[in-house]
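Here the structure comes first, spelled out in structure tokens, and everything after it is commentary.
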There are 2 protein chains.
Amino acid sequence: MTDEKLPETYRPAPESMLCFDLYATHHAVGQVYQPLLAELGLTYPQYLVLVTLWTGDGLTVGELGQRLGLESSTLTPLIKRLENNGVLLRARDKSDERKVRIHLTEAGKQMEGRARHIPGCIAEAFGLPLADLHRLHETLTRMRASLKASMEQS
Amino acid sequence: MTDEKLPETYRPAPESMLCFDLYATHHAVGQVYQPLLAELGLTYPQYLVLVTLWTGDGLTVGELGQRLGLESSTLTPLIKRLENNGVLLRARDKSDERKVRIHLTEAGKQMEGRARHIPGCIAEAFGLPLADLHRLHETLTRMRASLKASMEQS
DNA sequence: CCCATATATATCGTGCACGATATAATCGTA
DNA sequence: TACGATTATATCGTGCACGATATATATGGG
């Protein structure tokens, strides 16, 4: 990073800050998801958990947390809410009783079909050509790698 | 959006979803901010409020909410915490007693100097050339506009 | 002037997210 | 085998964020 002095009048406003772009865009995406997910009785984080389970049932809490970047203190109550709503079941792993494996119920599996239209709706709402979306994905992935690296070293 | 059928085996994983990119990148940025803001005794949303006030003192709760995209139900307690920490004061507007205007204290004004190094640290952690950051800002801004438009019409 | 309506903020209940800590199972090694 | 260290989840307290609702002030039409 350059160390050059910025003029005294340089005062970043939230609207010009990249971190705010991420914050606000993520928020706006959540607003678009909200009515789509409400039909299924899901919140956005709950939907992410189900998407992950649809790619592979029987994951442990830890594996889910690794995929989604969430702690057990977040996942445990979230998963219990999903269990209360009947979309999954929690079961201790027989060969290692420390682990809790999450299994979809029939209702949870069938929900995949009912959610199939959602990615298309979201992609449409983005309103950008596919090439831009690809570039965005790549930029954000590289950025995330860099952010993680800068955290490790400190 | 095209309506063409996707193969039955198409199953988006969170890691390939753009919304997850935004979610995870925003989260990673928060992790980088956290130690920098902890020195000032601030959370990230509190920092955003102060950044906004540094660009113009005496904003109302509603104006802050508009700039940051937050509701009074979020801002009111957040601002009260900042008031308890002595960085700002809340005062009813004399000419319209419905409005609450937020004014920085001396401590709140001085905090701007103590926070001046933060944007540079963050930009460095992004680890991308400035051109990419500009492009990202523009892409996200356009995307946000499109997302908002798609919400209005529905 | 009075009241219906609109506006600005605050309150309440739910859920997400964290760090710190607790608990319980497993593993390594003496 | 016994015990310290590690691992996996759960619990607790704090703060953010929302939608629904309440309260208080302001405004406009009759």
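Remember, it's a predicted structure, so these values are computed and weren't measured experimentally. To find a chain, count down the sequence lines: A is the first, B the second, and so on, and within it residues start at 1.
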Would you mind telling me which of [options] lies closest to the side-chain atoms of [X]?
X        : options                : answer
B/Val100 : C/dT26, C/dT9, C/dA20  : C/dT9
B/Thr43  : D/dG15, C/dA10, C/dA8  : D/dG15
B/Leu70  : D/dC18, C/dA10, C/dG15 : D/dC18
A/Tyr23  : D/dA17, D/dG15, D/dT9  : D/dA17
A/Thr76  : D/dG19, D/dT9, D/dA17  : D/dT9
B/Arg98  : D/dT11, C/dA6, C/dA10  : C/dA6
A/Arg92  : C/dT9, D/dT25, D/dA10  : D/dA10
B/Gln46  : D/dG15, D/dA10, C/dA10 : D/dG15

How many whole angstroms separate atom [atom1] of [X] from atom [atom2] of [N]?
X        : N      : atom1 : atom2 : answer
B/Leu64  : C/dA8  : CG    : P     : 14 Å
A/Met151 : C/dC18 : CE    : P     : 11 Å
A/Leu75  : D/dT9  : CG    : P     : 10 Å
B/Leu68  : D/dA17 : CG    : P     : 9 Å
B/Lys94  : D/dT25 : NZ    : P     : 13 Å
B/Lys80  : C/dC12 : NZ    : P     : 10 Å
B/His27  : C/dC18 : NE2   : P     : 4 Å
B/Gln31  : C/dA17 : CD    : P     : 12 Å

> Aromatic rings A/Tyr44 and B/Tyr23: how do their planes relate, parallel, tilted or perpendicular, breaks at 30° and 60°?
Replying inline: perpendicular

> Where does the angle between the aromatic ring planes of B/Trp54 and B/Tyr47 fall among parallel (under 30°), tilted (30 to 60°) and perpendicular (over 60°)?
Replying inline: perpendicular

> Are B/Leu89 and B/Leu75 joined in one hydrophobic group, where the rule is that I, L, V, M, F, W and Y side chains link up if heavy atoms are under 4.5 Å apart?
Replying inline: no

> Hey, does A/Gly69 reach any base, or is it just sugar-phosphate, or nothing, if we go heavy atoms under 4.0 Å?
Replying inline: sugar-phosphate

> Is the closest side-chain donor-acceptor distance between A/Thr25 and B/Arg144 under 3.5 Å?
Replying inline: yes

>> At less than 4.0 Å, is any side-chain N or O atom of B/Tyr47 found next to OP1 or OP2 of D/dG15? Yes or no.
In response: no

> Is the shortest side-chain N/O distance from B/Thr74 to OP1 or OP2 of D/dC18 below 4.0 Å?
Replying inline: yes

>> Can you tell me whether the side chain of B/Ser72 and the base of C/dA10 have a donor-acceptor pair closer than 3.5 Å?
In response: yes

> How far does CG of B/Leu53 sit from CZ of B/Arg67, to the nearest 0.5 angstrom?
Replying inline: 9.0 Å

